[in-house]
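One structure below.
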There are 2 protein chains.
Amino acid sequence: MVSADTRPRRRADAERSITRIVSAARECLSRDPDATMEDIAKAAGVGRMTVYGHFRTRPGLVEAALAEALRAGELTLGSVDLTGDARQAMNRLLASSWSLVAESAALLSAAQRVLPEGRLRELHTGAADRVEQLIGRGQGDGVFRTDMPVTWLVNAVQYILHGAAEEIRLGRLDPAEASDVVTATVQSILAAPAHTGS
Amino acid sequence: MVSADTRPRRRADAERSITRIVSAARECLSRDPDATMEDIAKAAGVGRMTVYGHFRTRPGLVEAALAEALRAGELTLGSVDLTGDARQAMNRLLASSWSLVAESAALLSAAQRVLPEGRLRELHTGAADRVEQLIGRGQGDGVFRTDMPVTWLVNAVQYILHGAAEEIRLGRLDPAEASDVVTATVQSILAAPAHTGS
DNA sequence: TCTATCCCGTACGGGAATGTACGAGTTAAC
DNA sequence: GTTAACTCGTACATTCCCGTACGGGATAGA
């Protein structure tokens, strides 16, 4: 927040470089959490030193990339209608954002390794909270199960998305049917049991 | 397989060291896939050089640790009764092996990074196949859903187990209730829809 | 045009991890 | 008790990546 305010004078090409670098960082780190500064620089089409010109350390760049991904997430999340039937709302949410969340999983793990303990959760809270609220509302309406902690349900969904991304990356899941598979799986996890059998 | 056969002469203390090293490797790599040779040596209570005396390279040690974990897995898997109702069989399977599978997740990812492409799947096939067969049988019996690829179901279960391990590690899931949560979640994913709705 | 900003290559230093070499002390096995 | 095997410390070479320093060249912005 400091750099953007106290440094209002920045040349247009620098702005463009930064955009490309952060974007490249997202892409690289999402594929390999151990991606090197040079890997990222190459992907951005700039020299390694140019990267250091804008981001003094690797953690700094990782955080910027994560922040960018989260901003994009917040944006799409904010544009989704979460009212009405919680199941339908969840479907809409997944339809518009599952691939984004899934692809960011590796980036998240990269951040987890280089950022101080609380920092990640601090940044990530916004997005997770909204999902948690939706699930909570669904529980209140009786359409989602209540026999498990909400935290677990939220994270179980996360892990399914992560898994779907991995399966696609490994060529074991057809990207075309991934969306349907993910929504169906998530609905199964969240659904309230039809009857209270043993 | 080679070292055990062509080198029948090994002193008892060496045998003990190897056991301790492999065991320590499992433990360390399951907590941190990037665990160092020195970390492992320290955990095993031996010097780093002793480790190199038995495993020339890190990948070699990782493979040995993975093989050990898989052997343990095969052992428990083999002792589980997989006949009868597929759902019950799955519950028995999970009850006896979910924590082992879950804890080995990090080890698996460590292996994925240092072992050549096909090697991991080659080693891991045995265990995965058995789960796949059980799910396939459940589908044939009409108790498990058939609207998704079996491969996806198998891996979705994997990812749930992985997630459960992570949640426990982060203190967000009570180990005492983890078993119930896992089995219930897995059953939800696998269950055939009660009625053929829209 | 002129200047401050930015691009980017080479070069260097530091740190961490892997794997090798040597060798002295210890211990199992015969 | 003798020998061969094992332990394990120090020291070293190598590699990889991070981050810094310097400086020449290109370019946006006035």
Side-chain angles (χ1 to χ4, degrees), chain A residues 3-25 28-29 31-66 106 109-116, chain B residues 3-25 28-29 31-66 106 109-116:
Chain A
S3 58
D5 295 333
T6 63
R7 285 283 190 116
R9 317 218 158 189
R10 215 165 22 186
R11 260 168 47 177
D13 55 347
E15 206 79 47
R16 241 177 308 146
S17 282
I18 292 177
T19 305
R20 291 174 63 183
I21 290 169
V22 173
S23 166
C28 290
L29 293 171
R31 254 183 296 109
D32 174 15
D34 292 325
T36 278
M37 292 296 258
E38 187 159 11
D39 293 339
I40 295 170
K42 204 167 292 179
V46 303
R48 190 170 71 99
M49 305 333 288
T50 303
V51 176
Y52 278 105
H54 296 293
F55 302 93
R56 213 167 295 170
T57 70
R58 188 171 179 279
L61 177 53
V62 172
E63 178 163 338
L66 179 65
S109 87
Q112 200 157 21
R113 271 190 257 176
V114 298
L115 263 52
Chain B
S3 57
D5 295 333
T6 63
R7 285 279 193 119
R9 316 217 160 189
R10 213 162 26 183
R11 257 168 48 176
D13 55 348
E15 205 80 47
R16 242 177 307 147
S17 283
I18 292 177
T19 305
R20 291 174 62 184
I21 290 169
V22 172
S23 167
C28 289
L29 293 171
R31 255 183 296 109
D32 174 17
D34 291 325
T36 278
M37 293 295 258
E38 187 159 12
D39 294 339
I40 296 170
K42 203 165 295 179
V46 304
R48 192 168 70 97
M49 305 332 288
T50 304
V51 176
Y52 278 105
H54 296 294
F55 302 92
R56 212 167 296 168
T57 70
R58 190 172 178 280
L61 176 53
V62 172
E63 179 163 338
L66 179 65
S109 88
Q112 199 158 22
R113 272 190 256 176
V114 298
L115 263 52

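So you know, we letter chains A, B, ... as the sequences are listed, proteins then strands, and number each from 1.
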Task: Sequence-distant partners of Asp13(B), side chain to side chain donor-acceptor pair (under 3.5 Å), two or more places apart - done: Arg11(B)
TODO: Would you mind building the protein contact string for nucleotides 8-19 of chain C? One character per nucleotide, 5' to 3', B for base within reach (heavy atoms under 4.0 Å), S for sugar-phosphate only, - for untouched.
DONE: BBB------SBB
Open item on the list: So, using side chain to side chain donor-acceptor pair (under 3.5 Å) as the criterion, who are the partners of Arg31(B) when residues are at least two apart?
Closed with: none
- [ ] Look at His54(B) and dT7(D) and indicate whether a side-chain polar atom (N or O) is within less than 4.0 Å of OP1 or OP2.
- [x] yes
Open item on the list: Just verifying a value: how many Å separate Glu15(A) CD and Ile18(A) CD1, rounded to the nearest 0.5 Å?
Closed with: 5.5 Å
Task: Gap between atoms CD1 and C1', on Ile18(B) and dT7(D) respectively (whole Å) - done: 13 Å
Distances under 3.5 Å between nitrogen or oxygen atoms of protein and nucleotides 26-30 of chain D:
| residue | atom | partner | partner atom | Å |
| --- | --- | --- | --- | --- |
| dT27(D) | O2 | Arg11(A) | NH1 | 3.0 |
| dT27(D) | O2 | Arg11(A) | NH2 | 3.4 |
| dG29(D) | OP1 | Ala12(A) | N | 3.2 |

Acceptor/donor pairs from residues 46-56 of chain A side chains to any protein atom, 3.5 angstrom cut, sequence neighbours excluded:
none

Open item on the list: Return the OG to CG distance between Ser109(B) and Asp32(B), rounded to the nearest 0.5 Å.
Closed with: 9.0 Å
TODO: Measure across Ala110(B) and Leu29(B) and return the closest heavy-atom pair with its distance rounded to 0.1 Å.
DONE: CB-CD2, 4.3 Å
Side-chain polar contacts of residues 57-64 of chain A - donor-acceptor pairs under 3.5 angstrom, sequence neighbours left out - could you list them?
| residue | atom | partner | partner atom | Å |
| --- | --- | --- | --- | --- |
| Thr57(A) | OG1 | Gly60(A) | N | 3.1 |
| Arg58(A) | NE | Ala35(A) | O | 3.3 |
| Arg58(A) | NH2 | Pro33(A) | O | 3.3 |
| Arg58(A) | NH2 | Ala35(A) | O | 2.8 |
| Glu63(A) | OE2 | Arg119(A) | NE | 3.0 |
| Glu63(A) | OE2 | Arg119(A) | NH2 | 2.6 |

